*Asks:* 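Dropping a structure here in structure tokens format, bear with me for questions.
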Protein chains: 2
Amino acid sequence: MQTVRDLERNLGGDTADRSDPHSPAVDSVLDALMSIGRLMRHRVQGDHLDPGTFWLLKTLLGSGSLRVTELAGCANLDTSTVSRHVTQLDRAGLIHRTPDPQDGRAQRVELSEHGRAELQSALTQRRALLTRSLEGWDDADVEQLDVLLARFVGNIESLTAELEQA
Amino acid sequence: MQTVRDLERNLGGDTADRSDPHSPAVDSVLDALMSIGRLMRHRVQGDHLDPGTFWLLKTLLGSGSLRVTELAGCANLDTSTVSRHVTQLDRAGLIHRTPDPQDGRAQRVELSEHGRAELQSALTQRRALLTRSLEGWDDADVEQLDVLLARFVGNIESLTAELEQA
DNA sequence: CAACATGCATGCATCATGCATCTAGTTGTA
DNA sequence: TACAACTAGATGCATGATGCATGCATGTTG
């Protein structure tokens, strides 16, 4: 386990740090990640749902019904922001809001049938784009990318969770 | 190692398309990409430069000096938006603006020493974070991730370029 | 019951963005 | 040369997303 002191040592100057076993590839991966981030931002996704809406619906798909506060936590957004989004999505008929039987202050938010359909449509479009960009890959490579990416995301997520806690 | 696909298999319905040779992994990769996009958005990067500023400086680092219009093209932003960003960065001393000798209307924008230093610092911090999240990986896997990611980004970029053209 | 905490909504200010417009400089053409 | 059309960049304006502070209703604890 690398300590914070080691981390600070890395920040110093020498970018080709001997203690980093992967240094040659790290910069390259960093570049790739930034490209991906940029591509995601510029709605190359090709669907009609704005990113925030898409994210909310996607989160709801995986989680059944959630409170506004929980949604805000997932999205790293302020409760007020999510509250307004939920109001919008409710008006658009993409979600249902029902009072929480356990807690009179809270409400359960869940996908409506319409919302589920819209989300599936958006997912299908994104999937199609992704599939096209993987044309010509053989199965083993796709599989490998999948595995490595999943592992990597897991690592990043636990690391950031760890850092947030501190 | 459980991939995101394994999770999604439990959640959603049968979303796989028979005509897609890679269908099982595509959804998983899609999820991973969205996670990455989200992580990038929420400034987990750990630096003090806001995403827009970082992106502009990074672009300038790779390209020497650029016009405002060219920058706007790179970033997929309106010229006016970039113009304002450039004004800000100029005031902050992160860039230099010099009149274009070829064209009196245009200006060349390039990194100042200060800007270069700030960018390097931000890059170093991101690199450190990335390095920590790759702890415990062996070289071959990092290498593999790098190669696949680079190939993938290349594919996505040429695909989107192709789509924009049409 | 009183005091405090929590979930959500709303008012307000801020900021990024795009469009329309403006100015200054450039290019093409009669 | 003179004049029109065009282009680079800046600015006014409206819009939309966001966070903070606040308010209100409800819940929890002493």
Side-chain angles (χ1 to χ4, degrees), chain A residues 37-45 48-60 63-92 94-110 164, chain B residues 37-45 48-60 63-92 94-110 164:
Chain A
R38 178 167 48 91
L39 289 167
M40 300 289 289
R41 263 197 301 282
H42 294 303
R43 64 183 63 200
V44 184
Q45 302 92 352
H48 50 290
L49 269 49
D50 67 285
T53 298
F54 181 85
W55 162 251
L56 263 176
L57 296 184
K58 184 77 170 54
T59 305
L60 286 173
S63 309
S65 83
L66 288 175
R67 295 167 164 216
V68 173
T69 307
E70 292 170 327
L71 273 170
C74 293
N76 272 323
L77 289 175
D78 194 82
T79 312
S80 65
T81 303
V82 176
S83 168
R84 280 180 287 245
H85 278 163
V86 165
T87 303
Q88 295 277 42
L89 295 183
D90 188 24
R91 271 205 277 268
L94 295 168
I95 58 169
H96 285 310
R97 291 199 274 189
T98 55
D100 189 320
Q102 315 295 320
D103 188 334
R105 301 164 300 177
Q107 62 187 266
R108 316 296 305 185
V109 180
E110 55 187 342
E164 271 172 18
Chain B
R38 180 167 45 91
L39 288 168
M40 302 288 290
R41 262 196 303 281
H42 295 302
R43 64 182 64 201
V44 184
Q45 304 92 351
H48 50 290
L49 269 50
D50 68 284
T53 298
F54 181 86
W55 161 250
L56 264 176
L57 296 183
K58 183 80 168 52
T59 305
L60 286 174
S63 310
S65 82
L66 288 175
R67 295 170 163 213
V68 173
T69 307
E70 292 170 327
L71 272 171
C74 294
N76 272 324
L77 290 175
D78 193 81
T79 312
S80 64
T81 303
V82 175
S83 169
R84 281 180 287 247
H85 278 164
V86 165
T87 303
Q88 295 277 41
L89 295 183
D90 188 24
R91 270 204 278 269
L94 295 168
I95 59 170
H96 284 311
R97 291 199 274 188
T98 55
D100 189 320
Q102 315 296 319
D103 189 334
R105 302 164 300 178
Q107 62 186 270
R108 317 294 307 183
V109 180
E110 55 187 341
E164 273 172 17

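Not measured: the values here are computed from a predicted model. A note on names: the letters A, B, ... follow the listed sequences, proteins ahead of strands, and every chain is numbered from 1.
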*Asks:* Mind checking what makes salt bridge (charged side-chain N to carboxylate O under 4.0 Å, His left out) contact with B/D90, not counting sequence neighbours?
*Replies:* B/R97
*Asks:* With a 4.0 Å cut-off on heavy atoms, is B/R108 in touch with a base, just the backbone sugar-phosphate, or nothing at all?
*Replies:* nothing
*Asks:* With sequence neighbours left out, what residues match B/T69 under side chain to side chain donor-acceptor pair (under 3.5 Å)?
*Replies:* none
*Asks:* NZ/B/K58 to OG/B/S63 distance, rounded to the nearest 0.5 angstrom?
*Replies:* 9.5 Å
*Asks:* Quantify the bending of the helix from C/dC1-D/dG30 to C/dA30-D/dT1 as the angle between its end axes, each fitted on five pairs, to 10°.
*Replies:* 10°
*Asks:* Tell me, please, which residues at least two apart from B/T53 pass side chain to side chain donor-acceptor pair (under 3.5 Å).
*Replies:* B/D50
*Asks:* How would you label the contact of A/R67 with the nucleic acid (heavy atoms, under 4.0 Å): base, sugar-phosphate, or nothing?
*Replies:* sugar-phosphate
*Asks:* Would you classify B/T69 as touching base, sugar-phosphate or nothing, given that sugar-phosphate means primed atoms plus P, OP1 and OP2, and contacts are heavy atoms under 4.0 Å?
*Replies:* sugar-phosphate
*Asks:* Contact boundaries of DNA chain D with chain A (under 4.0 Å, heavy atoms), 5' to 3'?
*Replies:* D/dT18 to D/dG27
*Asks:* Side chains of A/H96 and A/V109: does their closest heavy-atom pair fall under 4.5 Å?
*Replies:* no
*Asks:* Taking donor-acceptor contacts at under 3.5 Å, does the side chain of B/R105 reach the base of C/dT26?
*Replies:* no
*Asks:* Does B/Q88 or A/T87 map to a spot on DNA chain C nearer the 5' end, using the closest nucleotide for each?
*Replies:* A/T87
*Asks:* Go through the structure and list residues passing salt bridge (charged side-chain N to carboxylate O under 4.0 Å, His left out) with B/R105, not counting sequence neighbours.
*Replies:* B/D103
*Asks:* I'd like to check A/Q107 versus A/D100 (side-chain heavy atoms, cut-off strictly below 4.5 Å). Are they in contact?
*Replies:* no
*Asks:* Under 4.0 Å, counting only non-hydrogen atoms across every strand here, what does A/D103 touch: a base, just sugar-phosphate, or nothing?
*Replies:* sugar-phosphate
*Asks:* Would you mind telling me which residue lines up with the more 5' stretch of DNA chain D, A/G52 or B/V86, judged by nearest nucleotide?
*Replies:* B/V86
